[in-house]
Amino acid sequence: MIQLAGPALPGFLEQAVERYGANPQSALQILMSVQRALHHVPDEAIDLLAKRLSLAPVRLRGLVSFYSFLSAEPQGEYVVHLSDNITDQMRDSRKLEAALCERLGVRLGETRADGRVSVHRTSCIGMSDQGPAALVNYRPVTRLDDDRVGALAGLINARTPLEEWPSEFFRVDSNIRRSDVLFRKPQEPGAGLRASLDRGGKSLEAWEEDLAPTDARRHQLELGGAETLKEIYRSELRGRGGAGFKAGIKWQSVREATRGDRYVICNADEGEPGTFKDRVLLTDFTDMVFEGMTVCGHVVGARKGIIYVRQEYWYLQDHLQAVLERRRAHGLLGRNILGSALDFDIEVHFGAGAYICGMETAMIKSIEGRRGIPRRRWPLPVHQGYLKAPTVVNNVETFACAAAISARGGAWFAGIGTPQSTGTKLFCLSGDCERPGLYEYPMGVSVTEILRDCGANDAQGIQVGGPSGTLVNRSDFDRTLCFEDLPGVGTMMVFGPKRDLFDAITNFALFFQHESCGLCTPCRVGTTLLANYVKKFERGVGSPVDLGEVRHISSLMRNMAHCGLGQSASNHLMDSLQKFPHVWESRMKTMEFVPAFDLDWALEEARSLTGRTDPQAHLPRPLA
Ligand SMILES: Cc1cc2nc3c(=O)[nH]c(=O)nc-3n(C[C@H](O)[C@H](O)[C@H](O)COP(=O)(O)O)c2cc1C
Ligand code: SF4
């Protein structure tokens, strides 16, 4: 941790303002820089920054309380965030967590008295293929086991700087197990962009016969953009971030906007537990992602692109900046790209720990330096997005596909996959399979084929598309992965025959309870009520009346919640009730109603704190 007492803080903030800009949009980036340096955001920093950015201090405090990686309370010199996805738990992360806390002499969620270390749980950090994993001072440490946890505790106790830790601890593998036509090897940087510009047709000399040189260049640019849009339409490319909206329609809406400024935003928030494809694309196919954004900039007439990357991937910051620099040096970004009239550049923006910021309107607010709370559905971002200007928001994989489509043509892409789901798709395999990692298949591949390839023939169930997706059982394994059957971001968490699926149900319910942004009542209250019912069943005291309530609340949330988070937060509950009813039934105590509040159970924490294990410490149980 950097020592920034007294006079050093203003200098540090000034440097951050210089780097990110003296505008409200920089607020979150600067606060996160302070957090990474000081491991909390002191009041002094809030006051100084508020003055510098001409913002009310309360607005900055609102950011600190909203984003889970920002903290007003001092954290330890080492801050450990343990990934708590169900796939981590399936590899004993909870035991490792207990061992780590014991060796460090710290309680979960607290900071050690000497200020050396804090240990927290966080939701999935995007390393499900190599978990259990943790962030230590925002750097991922993968493949935790007893030895690594012991070594980690030793290094922290000895106050060893992270730079001196074994580099192996921070190794992040891409684990590409199967690739197909798109991601077999990275496309030549510039290929998609050059093709897009070349579609401008006639050589400049020919245009210049009829038009002034600047008009000719602009005309050529316009024509190229229009032709590339036709290729995107021809490809039938649908968004890879979940909803599957046609990219061509989105791009055209922004292209046709009458207002001046337009923006291109790449959604690299990748918060859906179990998903890590964007991490791999940003690592190994970075040029393709930036190229897709630039091609989009050409088509829609934007001059600026922003990539919003989750804070968990902060370790990619230097790599992303290096690729951007290289592209600028090669004329693939900046002014007059490849000698054309196209000006376009890309800025990297990091999140600060909020799943809801993957939702596009919440993400736009976050980029604007606000709390990531979804706004009302209309107007759509294509009409009023970032800074109220027309904005394209697409997923990382969508942009990578767009780069390939521009280079190889829409018809080529449309010839792969199924009629309604063209192209290939990346799938993130984790959980009970022999070969976890990334798999690329043409759209329409069956669940069985993927399970065979990853070594999971005995699976009892798979969560497709993350906690907000679909839970499938064996009778669904011949179903296909595509928009017309099983859609989703490409996440597949595999549960083997011996797993208790209720652990996954509990993990997902607590995840949604934690991640609800709290704006609307059906979701804010509903996720908490559902989590309480799940906990009640976990204790083995559920009843049919409770199941009725779970169904009722789920239906209310699906119909009444403001955004996709609340609308899909109970999918796993409904799916499990339908496909794995025994998992719930085995946790019913009686066919009668049992109150959700159990006083004796509620006193459990007090008993454990005081070390009372004697029978007198329990309330008498009513006769069953
Ligand atoms: C709660 C929630 C979280 C989301 N998270 C992501 C995400 O991490 N990445 C993403 O691309 N889209 C995410 N989306 C979908 C985006 O709102 C948006 O539809 C998508 O980025 C559009 O890109 P696409 O058309 O290329 O799929 C999320 C939606 C919701 C409701
Ligand atoms: S549904 Fe949930 S996450 Fe979405 S706006 Fe409402 S409270 Fe926020």
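Since the model is a prediction, treat every value here as computed from it, not as a measurement. Counting starts at 1 for both ligands and their atoms, in listed order. Counting begins at 1 with the first residue of the sequence.
Taking D575 as the reference, nothing meets the side-chain hydrogen bond (donor to acceptor under 3.5 Å, both in side chains) condition, with sequence neighbours excluded. Annotation: ring pair (Phe, Tyr, Trp, His ring centres under 6.0 Å) contacts of F290 (sequence neighbours excluded): none.
Ion pairing between E440 and K425 fails under the 4.0 Å rule for side-chain N and carboxylate O. Under a 4.0 Å N-O distance rule, the pair R327/D287 qualifies as a salt bridge. With respect to K535 and E538, no salt bridge is recorded, no charged nitrogen being found less than 4.0 Å from a carboxylate O. Remark: D546 engages K536 in a salt bridge, criterion side-chain N to carboxylate O under 4.0 Å. With salt bridges taken as basic N to acidic carboxylate O contacts below 4.0 Å, one links D485 and R479. The pair E368-K365 fails the salt-bridge criterion, with no side-chain N (NZ, NE, NH1 or NH2) lying under 4.0 Å from an Asp/Glu carboxylate O.
Numbered from 1 in the order shown, with element, the atoms of ligand 1 that lie under 4.0 Å from a heavy atom of D269 read 8 (O). Applying the 4.0 Å criterion to heavy atoms of G271 picks out, from ligand 1, the atoms 8 (O). The contact set between ligand 1 and V393, taken as ligand atoms under 4.0 Å from a residue heavy atom, comprises 21 (O), 22 (C), 23 (O).
The closest protein non-hydrogen atom to atom 27 (O) of ligand 1 is G241 N, 2.6 Å. Of the protein's non-hydrogen atoms, the one nearest atom 17 (O) of ligand 1 is E360 N, 2.9 Å. Summary of contacts: the protein heavy atom closest to atom 8 (O) of ligand 1 is E270 N, 3.0 Å. Counting protein heavy atoms only, atom 3 (C) of ligand 1 is closest to M359 N, 3.7 Å.
When each of R279, E270, H319 is tested with Y313 by the rule side-chain hydrogen bond (donor to acceptor under 3.5 Å, both in side chains), just one qualifies, namely E270. Partner Y138 forms a side-chain contact (heavy atoms from CB on, under 4.5 Å) with one of M32, E312, Q317 and no other, that one being M32.
Proximity of T398 to ligand 1, defined as any heavy-atom pair under 4.0 Å, is confined to the side chain (atoms from C-beta onward). Contacts between K250 and ligand 1, counted as non-hydrogen atom pairs separated by less than 4.0 Å, involve the side chain only.
Polar contact check, G358 against ligand 1: a nitrogen or oxygen pair lies under 3.5 Å apart. Geometrically, ligand 1 and E272 share no nitrogen or oxygen pair separated by less than 3.5 Å. Polar contact check, N395 against ligand 1: a nitrogen or oxygen pair lies under 3.5 Å apart.
For residues 404-416, every residue pair satisfying the side-chain hydrogen bond (donor to acceptor under 3.5 Å, both in side chains) rule, not counting sequence neighbours, is listed here: R199-S406.
Shown here are the protein N/O/S atoms lying under 2.8 Å from atom 4 (Fe) of ligand 2, water excluded: C563 SG.
When N267, D278, L565 are ranked by how near their heavy atoms come to atom 12 (N) of ligand 1, first place goes to N267.
H514 has its ring centre no less than 6.0 Å from the ring centre of Y355.
The closest approach between any non-hydrogen atom of Y355 and ligand 1 is below 4.0 Å.
Residue Q578 holds its CD atom at 9.5 Å from CZ of R551, rounded to the nearest 0.5 Å.
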